[in-house]
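Input: a single structure, listed below in C-alpha cells.
Remember, it's a predicted structure, so these values are computed and weren't measured experimentally.
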Amino acid sequence: MSQLTLDDLRRILETSSGVVEQTDWTDPATLDAPFDDLGYDSLALLELAARVQQEYEVRIPDDAVSIMKTPRLAVDYVNQRLADR
C-alpha cells in the first residue's frame with residue numbers, strides 16, 4: 001500500500017467503530033469537518049491510528065491524534081509519514 005486514501009480512511013473508521021456512520025463521504029466539506037462533528041470520538045481516532053499502523057506499517061505516535069482532527073489532516077499526516085520512511 002503506497003498511500004492512504006479517503007476511501008481507506010472511511011473503511012478503517014467504519015470497521016473500527018463497528019458502525020456505518022451517516023457521514024456523506026462524497027461531500028467535499030467532509031474532508032475538513034472535525035471528526036467530533038462527524039460522530040467519531042477520541043477512542044475511534046486512537047483505533048484508527050492503531051489500524052493504520054498495522055495495515056500500512058507506519059508508526060503513528062499517540063499524540064498525533066491531536067494533529068489528525070479532520071479526514072484531510074489524517075490522510076495528509078499518514079501520507080507524509082509514509083513518504084518519510
Side-chain angles (χ1 to χ4, degrees):
M1 295 181 194
S2 58
Q3 284 197 319
L4 178 73
T5 66
L6 185 59
D7 285 337
D8 296 328
L9 179 76
R10 177 194 49 78
R11 174 186 51 80
I12 293 168
L13 281 168
E14 289 177 355
T15 301
S16 63
S17 69
V19 176
V20 177
E21 297 294 333
Q22 300 300 322
T23 302
D24 180 2
W25 289 95
T26 62
D27 182 350
T30 299
L31 276 174
D32 297 311
F35 280 114
D36 301 8
D37 293 353
L38 299 175
Y40 296 102
D41 61 12
S42 58
L43 183 57
L45 298 181
L46 287 171
E47 183 63 25
L48 168 68
R51 289 191 183 236
V52 167
Q53 288 183 111
Q54 290 172 345
E55 287 188 32
Y56 290 83
E57 299 177 350
V58 61
R59 185 175 169 339
I60 300 176
D62 288 342
D63 62 346
V65 171
S66 65
I67 297 168
M68 302 186 304
K69 295 180 182 194
T70 68
R72 182 189 311 271
L73 291 172
V75 168
D76 289 349
Y77 180 85
V78 171
N79 288 334
Q80 185 60 54
R81 300 288 293 195
L82 289 167
D84 289 345
R85 60 176 190 174

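- Between the CG atom in Asp36 and the OG1 atom in Thr70 there is a gap of 11.0 Å [rounded to 0.5 Å].
- Criterion: ILVMFWY side-chain heavy atoms under 4.5 Å apart, direct or through other members. Under it, Leu43 and Leu13 are not part of a common hydrophobic cluster.
- Checked against side chain to side chain donor-acceptor pair (under 3.5 Å), Gln80 has the following partners two or more places apart in sequence or in another chain: Asp84.
- Residues satisfying the salt bridge (charged side-chain N to carboxylate O under 4.0 Å, His left out) criterion with Arg81, sequence neighbours excluded, are absent altogether.
- Heavy atoms only, all atoms of each residue included: Leu9 and Ala74 are closest at CD1-CB, 4.2 Å.
- Qualifying side chain to side chain donor-acceptor pair (under 3.5 Å) partners for Thr5, counting only residues two or more places apart in sequence or in other chains: Asp8.
- Here the closest non-hydrogen pair linking Arg85 and Glu57 is NH1-O, 2.7 Å.
- In this structure, CZ on Arg10 lies 8.0 Å from CH2 on Trp25, to the nearest 0.5 angstrom.
- Minimum heavy-atom separation, Pro71 to Ala33: CD-O, 3.2 Å.
- With sequence neighbours left out, Asp32 forms a salt bridge (charged side-chain N to carboxylate O under 4.0 Å, His left out) with Arg72.
- The backbone N or O of Ile60 sits less than 3.5 Å from a side-chain atom of Gln53, completing a donor-acceptor pair.
- Pairs passing the salt bridge (charged side-chain N to carboxylate O under 4.0 Å, His left out) check and including a residue from residues 40-51, sequence neighbours excluded, read Glu47-Arg51.
- A heavy-atom distance below 4.5 Å is not found between the side chains of Thr15 and Ile12.
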Assess whether side-chain contact (heavy atoms from CB on, under 4.5 Å) is satisfied between Leu73 and Ile67, documenting all intermediate values.
CA-CA 7 Å; Leu73 291 172; Ile67 297 168; 5.7 Å; no
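- With sequence neighbours left out, Asp24 forms a side chain to side chain donor-acceptor pair (under 3.5 Å) with Thr26.
- Among all heavy-atom pairs drawn from Ala49 and Val65, the shortest one is CB-CG2, 4.4 Å.
- Using a 30° and 60° split on the angle between ring planes, Phe35 and Tyr40 fall in the perpendicular class, above 60°.
- Evaluation of the side-chain hydrogen bond (donor to acceptor under 3.5 Å, both in side chains) test over residues 59-69, restricted to residues two or more places apart or in two chains, returns none.
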